[in-house]
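The block underneath contains the structure these notes are about, expressed in structure tokens.
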Number of protein chains: 2
Amino acid sequence: MPKHAKEMDALKAHLAKHQLKYTRQRELILDAFLQQEHITAEEMYHQLAKKDPHLGLATIYRTLNLFCEAGLAQARHFGTQTQYDNISHKGHHDHLICTDCGKIVEFENCEIEKLQQEVATRNGFTISTHRLELYGLCGRCRH
Amino acid sequence: MPKHAKEMDALKAHLAKHQLKYTRQRELILDAFLQQEHITAEEMYHQLAKKDPHLGLATIYRTLNLFCEAGLAQARHFGTQTQYDNISHKGHHDHLICTDCGKIVEFENCEIEKLQQEVATRNGFTISTHRLELYGLCGRCRH
DNA sequence: ATTGAAATTGATAAATCGTCTCAAGAAGAT
DNA sequence: ATCTTCTTGAGACGATTTATCAATTTCAAT
């Protein structure tokens, strides 16, 4: 029994719905991905080089983008690179981002989420995910 | 009397402090920038091509980055591009995005902003901008 | 199990975005 | 006006991500 049966089922459902196939590479990348809070394609490429030296970087990009479409991941562009966040990792978390040093603090706030729901309802929307990023200076960089 | 005397003074102060010069290009780019809520270098390049066909893209990047250092702008990575936000522009708006039809609804919510401030303060951050996007289905696409 | 249509992969080429380089030109203090 | 320093424009460059395409794999139907 795999550790992440729920996410694997979600992926398989997405694949079936779109006539895509369940491949060895996708399973490999999913396993690695679900153990991370967030990761870049390049990082995953190096991690998986041990398990499968022939796994291509393009496949990793394609697969991480697939995870985004399947709702398992979310892409976040920071600096010159793209971070792929693992949505299932902890419930949902938002980010405080220091524009000077790049420091990232994660947080959760139920009240904000509640207000988001209200806004959505008022506009006839049904929310499935959201993204909230606060940009500014961290304590250290303000000086 | 220019419309944005305050911002122009702030820029001149920054230039003087760092032994930089006030050039025709910087003035041109500042004027264009202050009329926007946010803009990419590429967009500005096309806008300003009419006024100065020889203005280089590199100069626009350099100047927008200068504005960031001077505290007039803030860079935000959005999709594959960098958005330069006009800090002096008040009306910040957030987005409701339909994942099916792509419809975008803008909204503002003071309560959410207040809670964001609280979270930031609690973590020692000073916020200058933020980004909030709610993803889901709009009323029409839910059926 | 075999077949065959359709999707996927790996390798690399290509595109994209932003920064760097450098000679020529402009700003501003004297 | 002169001289030093900074800035500019043009294109080269580097980093990251996507597109291309022949070979391979998946999977549903035999």
Side-chain angles (χ1 to χ4, degrees), chain A residues 8 11-30 32-33 38-70 73-85 99 102, chain B residues 8 11-30 32-33 38-70 73-85:
Chain A
M8 188 172 284
L11 177 61
K12 283 185 177 170
H14 178 86
L15 295 176
K17 189 172 172 186
H18 294 81
Q19 289 150 298
L20 305 177
K21 291 170 179 175
Y22 189 70
T23 65
R24 183 180 58 77
Q25 289 88 342
R26 284 174 178 167
E27 181 171 39
L28 193 63
I29 294 171
L30 181 65
F33 178 69
H38 47 73
I39 195 167
T40 65
E42 195 72 33
E43 283 166 5
M44 180 163 284
Y45 183 59
H46 287 117
Q47 273 190 27
L48 290 181
K50 299 159 197 161
K51 292 195 174 182
D52 181 356
H54 292 291
L55 185 59
L57 185 55
T59 298
I60 294 182
Y61 273 108
R62 281 186 292 234
T63 305
L64 289 173
N65 287 334
L66 171 70
F67 292 172
C68 290
E69 283 156 28
Q74 194 171 63
R76 192 164 41 86
H77 302 276
F78 187 79
T80 67
Q81 287 199 300
T82 299
Q83 288 278 345
Y84 290 89
D85 292 357
T99 52
Chain B
M8 188 172 284
L11 176 60
K12 283 185 176 171
H14 179 86
L15 296 176
K17 190 173 171 185
H18 295 82
Q19 288 149 296
L20 306 176
K21 291 171 178 173
Y22 188 71
T23 65
R24 184 179 59 77
Q25 288 88 342
R26 284 173 179 168
E27 181 171 39
L28 193 63
I29 295 170
L30 180 65
F33 177 68
H38 48 73
I39 195 166
T40 65
E42 197 72 34
E43 284 166 3
M44 182 165 282
Y45 183 60
H46 288 118
Q47 273 191 27
L48 291 181
K50 298 160 199 162
K51 292 194 175 183
D52 180 356
H54 292 291
L55 184 60
L57 186 54
T59 298
I60 293 180
Y61 273 108
R62 281 186 292 235
T63 304
L64 289 173
N65 287 334
L66 171 69
F67 291 172
C68 290
E69 284 155 28
Q74 192 167 69
R76 195 162 43 93
H77 301 279
F78 185 81
T80 68
Q81 288 198 301
T82 300
Q83 288 278 346
Y84 290 87
D85 293 356

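In what follows, chains are A, B, ... by sequence order, proteins preceding strands, each numbered from 1. The figures that follow rest on heavy atoms only: side chains count, while hydrogens, waters and symmetry mates do not. No experiment lies behind these values; they were computed from the predicted model shown.
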Selection: residues 48-56 of chain B, any non-hydrogen atom under 4.0 Å of DNA chain D
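Contacts with DNA chain D under 4.0 Å: B/H54, B/L55, B/G56.
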Check whether any side-chain N or O of B/T59 sits under 4.0 Å from OP1 or OP2 of D/dT7, and answer yes or no.
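Negative; the distance criterion is not met.
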So, does B/R26 get its side chain near the phosphate of D/dC6, meaning an N or O under 4.0 Å from OP1 or OP2?
no
Measure the distance from [atom1] on [X] to [atom2] on [N] and round it to the nearest whole Å.
X     : N      : atom1 : atom2 : answer
B/H46 : C/dC17 : NE2   : C1'   : 14 Å
A/L66 : C/dT9  : CG    : C1'   : 14 Å
A/E43 : D/dT17 : CD    : P     : 11 Å
B/L28 : D/dT8  : CG    : P     : 11 Å
B/K12 : C/dG28 : NZ    : C1'   : 13 Å
B/E69 : D/dC6  : CD    : P     : 15 Å
A/R76 : D/dT17 : CZ    : P     : 13 Å
B/L64 : D/dT8  : CG    : P     : 12 Å

In Å and rounded to the nearest 0.5 Å, what is the [atom1] to [atom2] distance from [X] to [Y]?
X     : Y     : atom1 : atom2 : result
B/L66 : B/H14 : CG    : NE2   : 5.0 Å
A/I39 : A/Q81 : CD1   : CD    : 11.0 Å
A/I29 : A/T63 : CD1   : OG1   : 3.5 Å
B/R26 : B/L15 : CZ    : CG    : 6.0 Å
A/M44 : A/T59 : CE    : OG1   : 12.5 Å

Heavy-atom check, side chain of B/M8 versus side chain of B/L30, under 4.5 Å
yes
Answer whether the closest heavy-atom distance between the side chains of A/E42 and A/L57 falls below 4.5 Å.
yes
If a protein heavy atom is under 4.0 Å from the base, mark B; if only from the sugar-phosphate, S; if neither, -; do that for nucleotides 18-30 of chain D going 5' to 3'.
BBB-----BS---
ring-ring contact (aromatic ring centres under 6.0 Å, His included) partners of residues 46-67 of chain B, not counting sequence neighbours, each pair once
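Only B/F33-B/F67 qualify under ring-ring contact (aromatic ring centres under 6.0 Å, His included).
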Going by atom types only, do B/E27 and B/Y22 share a side-chain donor-acceptor pair under 3.5 Å?
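Per modelled atom types, B/E27 and B/Y22 side chains form a pair under 3.5 Å.
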Per nearest nucleotide of DNA chain D, the residue lying toward the 5' end, B/Q19 or A/A41, is B/Q19
